[in-house]
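Before any comments, here is the structure.
Throughout, protein chains are lettered first and strands after them, A, B, ... in sequence-line order, and every chain is numbered starting at 1. Side chains included, hydrogens not; waters and symmetry mates left out as well; all remaining heavy atoms used.
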Amino acid sequence: MSQVRVRFAPSPTGFLHIGGVRTALFNWLFARQRKGAFILRIEDTDQSRSTEESIQAILEGMKWVGLDWDEGPYRQTDRMELYRQHAFKLFERGQAYWCVCKAEDLEARRKEAEAKGLSPRYDGRCRGLGIQNPTGEAALRFRAPQEGQTVIEDLIKGQVVFDNALLDDLIILRSNGYPTYNFSVVVDDALMEITHVIRGDDHLTNTPRQVPIFQALGYPLPRFGHLPMILGADKARLSKRHGATSIMAYKEMGYLPEAMVNYLVRLGWSHGDQEIFTRNELIEKFSFDHVQASAAVFNPDKLLWMNAHYLQHSPPGRVVQALAPFLEQAGLGNELKAASPAWLEQLVVLVRERTKTLIEMVHWVAPYFRYDVAMEEDATKKFLTPAIAPALIELTVRFEGLPQFSKALWEETFKKFVEEKNMKMGQLAQPVRVALTGRTASPGLFEVMEILGRERTLYRLRKGIERAQGGQA
RNA sequence: GUCCCCAUCGUCUAGCCUGGCCUAGGACGCCGGCCUUUCAAGCCGGCAACACGGGUUCAAAUCCCGUUGGGGACGCCA
């Protein structure tokens with residue numbers, strides 16, 4: 001069997017959308033599973049809307065989610081000659097003709113037809129004119145078959161039948177010499193020997209327009225697979241008003257790319273009841289047989305859960321690595337550099353089951369980087385009171401009497417002390433927690449002490465005592 | 001308007017192709033409990049769906065038809 005060749009062909013008219021990422025992902029998984037080639041092609045034939053920044057954004061997004069390509073990125077604007085050659089070949093064979101209708105007139109006729117409740121199709125008025133050398137502006141139209149049917153055996157939708165009589169003659173070469181989408185995709189998919197065209201199902205109705213072009217050009221047909229759309233909570237096509245749709249926005253919000261990939265692949269594909277997949281499992285298990293035919297609603301809550309899962313179950317070093325840029329952004333770059341990898345991993349392990357994003361993690365991790373800690377006003381007022389000061393002092397003295405830190409020993413000391421004083425654990429734990437972290441919520445007290453180390457623990461305790469004594473009852 | 005696609009808990013889905021094992025399973029979220037020094041995490045339990053109507057069949061979530069609903073396409077955009 002010949003090699004599988006698939007492509008992802010975004011148009012650079014904005015950021016990389018999560019729907020685009022999912023399309024790319026399914027292509028990529030299929031290519032990797034079949035040891036085929038994944039090709040990246042930039043469809044930039046609309047020079048008025050394509051931008052260089054968008055191309056960079058696409059590459060950046062692909063890189064972030066780890067979708068590497070084997071060929072490309074090709075740019076259609078570098079391949080103009082190819083499209084023109086193919087278009088003229090069709091003209092010479094009588095399978096395309098010049099159309100001298102003005103764009104405004106076409107627009108007006110379309111409006112008129114729509115108003116009458118008719119199909120807004122091109123009426124074919126230049127079809128029989130036999131124009132050889134148009135003088136003014138002219139576009140080249142494909143002479144589409146008007147009889148019979150075009151049948152597509154879609155990998156996901158099954159057999160889909162279209163009546164050719166319903167299709168009009170689409171423009172393949174604009175009057176400015178640029179090819180249109182439906183033509184350039186065909187030429188590229190053919191020349192790049194794409195075996196499987198996997199794309200969003202918004203392209204399903206483009207397929208019966210493209211198939212006859214493949215045939216007219218004499219190229220073999222690829223297989224087609226049309227992926228269902230991603231919708232917002234209101235079941236409308238996912239757009240900005242549903243929240244973030246740019247893949248990079250999720251990076252900025254503190255999502256892990258592995259969580260994004262796992263979530264996105266499960267949106268429309270399943271493997272029994274399994275929710276969590278490693279990348280290799282996805283490559284191994286992916287199949288079009290289990291791609292859903294219906295659209296899926298994007299669920300931010302489940303994505304968040306997925307991210308929390310990856311935060312909790314990834315190797316600590318991986319989490320530290322992902323967290324680093326966020327720490328720098330939070331002004332903790334120097335402290336990050338000064339910290340040991342082992343300590344950072346220990347810290348991350350301590351806080352990670354309490355966080356769902358890297359942004360949240362920064363907040364949880366922040367109190368442990370510096371010698372002093374920011375005290376939250378409400379927490380201080382509530383727990384560091386004059387009433388608790390004596391107990392804090394006594395406890396601190398006991399800790400000072402212990403020559404070195406040992407989590408087990410300090411915990412034992414603490415508990416014995418609480419018992420002696422006939423206090424409840426929480427009565428003393430909360431004030432100590434506030435003294436050590438500045439907050440009322442933190443990881444376990446003794447884990448916190450371990451992270452801080454003996455000196456810093458004692459230091460913060462003493463600071464806490466000062467606060468407690470100074471605080472008005 | 002025309003054509004095309006789709007239809008299982010609120011959401012993602014298993015099951016559907018190859019009817020019976022489905023008094024429909026899992027996950028997210030939600031609710032309750034357990035654990036507990038805080039916050040989480042974890043564990044246990046609960047609520048919750050085969051869109052509707054016909055047919056085929058001994059038997060239909062599963063097959064067929066229709067209705068309704070949702071989505072997409074109809075550009076010298078991609």
TODO: Provide the distance between the two C1' atoms, one in C50(B) and one in C4(B), to the nearest whole Å.
DONE: 25 Å

Open item on the list: Once side chain to side chain donor-acceptor pair (under 3.5 Å) is applied, do any residues pair with R354(A), and if so which ones, sequence neighbours excluded?
Closed with: none

TODO: Would you kindly give the NE2-to-P distance between H203(A) and C77(B), to the nearest whole Å?
DONE: 15 Å

Task: Shortest side-chain distance from S119(A), nucleotide among U38(B), G1(B), G71(B) - done: G1(B)

TODO: Would you mind classifying the nucleic acid contact of N206(A) as base, sugar-phosphate or nothing, using non-hydrogen atoms under 4.0 angstrom?
DONE: base

What pairs of donor and acceptor atoms, side-chain ones from residues 427-434 of chain A against any protein atom, are under 3.5 angstrom apart with sequence neighbours left out?
residue : atom : partner : partner atom : Å
Q427(A) : OE1  : K424(A) : N            : 2.7
Q430(A) : OE1  : R433(A) : NE           : 2.6
Q430(A) : NE2  : T440(A) : O            : 3.2
R433(A) : NH1  : S442(A) : OG           : 2.8
R433(A) : NH1  : P443(A) : O            : 3.2

Open item on the list: Considering every strand and a 4.0 Å limit on heavy-atom distances, what is the contact class for V434(A): base, sugar-phosphate, or nothing?
Closed with: nothing

- [ ] Sticking with atom P, work out how far C16(B) lies from C22(B), rounded to a whole angstrom.
- [x] 13 Å

Task: Base of C74(B) paired with side chain of R121(A) (donor-acceptor, under 3.5 Å) - done: no

Open item on the list: Using a 4.0 Å heavy-atom cut-off, does C101(A) contact any base of the nucleic acid, only the sugar-phosphate backbone, or nothing at all?
Closed with: base

- [ ] For the side chain of R237(A), starting at C-beta, report the closest nucleotide among A73(B), U37(B), G29(B).
- [x] A73(B)

TODO: Determine the interatomic distance between P on G26(B) and the same-named atom on C63(B); round to the nearest Å.
DONE: 23 Å

Open item on the list: Ring-plane angle category for F288(A) and F286(A), please: parallel below 30°, perpendicular beyond 60°, tilted otherwise.
Closed with: perpendicular

TODO: Would you indicate what E137(A) reaches in the nucleic acid, counting non-hydrogen atoms under 4.0 angstrom: base, sugar-phosphate, or nothing?
DONE: nothing

Open item on the list: I need the residues from residues 437-445 of chain A with at least one non-hydrogen atom less than 4.0 Å from RNA chain B; give them sorted by number, or say none.
Closed with: T440(A), A441(A), S442(A), P443(A), G444(A), L445(A)

TODO: Go through the structure and list residues passing side chain to side chain donor-acceptor pair (under 3.5 Å) with K463(A), not counting sequence neighbours.
DONE: none

TODO: Could you pick out which residue, L166(A) or Q312(A), lies toward the 5' side of RNA chain B when each is mapped onto its nearest nucleotide?
DONE: L166(A)

Task: Integer angstrom distance from the P of C28(B) to that of G70(B) - done: 31 Å

TODO: By nearest nucleotide on RNA chain B, pick out whichever of Q159(A) and Q430(A) is the more 5' one.
DONE: Q159(A)

Open item on the list: Does L106(A) reach a base, just sugar-phosphate, or nothing at all? Heavy atoms under 4.0 Å.
Closed with: base

Task: Residue pairs fulfilling side chain to side chain donor-acceptor pair (under 3.5 Å) with at least one residue in residues 289-302 of chain A, sequence neighbours excluded - done: E275(A)-K302(A)

Task: Side-chain-base donor-acceptor pair under 3.5 Å for T205(A) and C3(B) - done: no

Open item on the list: Between D188(A) and Y74(A), do the side chains contain a donor N or O and an acceptor N or O under 3.5 Å apart?
Closed with: no

Task: Per-nucleotide protein contact string for nucleotides 11-25 of chain B, where B marks a base within reach and S marks sugar-phosphate only (heavy atoms under 4.0 Å, - for neither) - done: BBSSS---------B

Open item on the list: Below the 4.0 Å mark, does C4(B) have OP1 or OP2 next to a side-chain nitrogen or oxygen of R209(A)?
Closed with: no

- [ ] Using the C1' atoms only, state how far U68(B) lies from G25(B), rounded to an integer number of Å.
- [x] 29 Å

Open item on the list: Can you see if the side chain of R199(A) gets near the phosphate of A73(B) - specifically, an N or O under 4.0 Å from OP1 or OP2?
Closed with: no

TODO: For nucleotides C52(B) and C30(B), find the distance between their C1' atoms and express it as a whole number of Å.
DONE: 29 Å

- [ ] Check the distance between C28(B)'s P and M306(A)'s CE and give it to me in whole angstrom.
- [x] 10 Å

- [ ] Using only side-chain N and O atoms of R110(A), determine if any of them is under 4.0 Å from OP1 or OP2 of C76(B).
- [x] yes

Task: Given U37(B), C5(B), C4(B), the nucleotide with the shortest approach to the side chain of D201(A) - done: C5(B)

Open item on the list: Between C47(B) and A27(B), how far apart are the two C1' atoms, rounded to whole Å?
Closed with: 16 Å

Task: Shortest side-chain distance from T180(A), nucleotide among C76(B), A40(B), G1(B) - done: C76(B)

TODO: Can you tell me, in whole Å, how much space there is between the P of A49(B) and that of C12(B)?
DONE: 16 Å

Open item on the list: Just to be sure I understand the rule, does L204(A) reach a base, reach only the sugar-phosphate, or reach nothing, if contact means heavy atoms closer than 4.0 Å?
Closed with: sugar-phosphate

- [ ] Ignoring backbone atoms, establish whether S11(A) has a side-chain N or O less than 4.0 Å from OP1 or OP2 of C77(B).
- [x] no

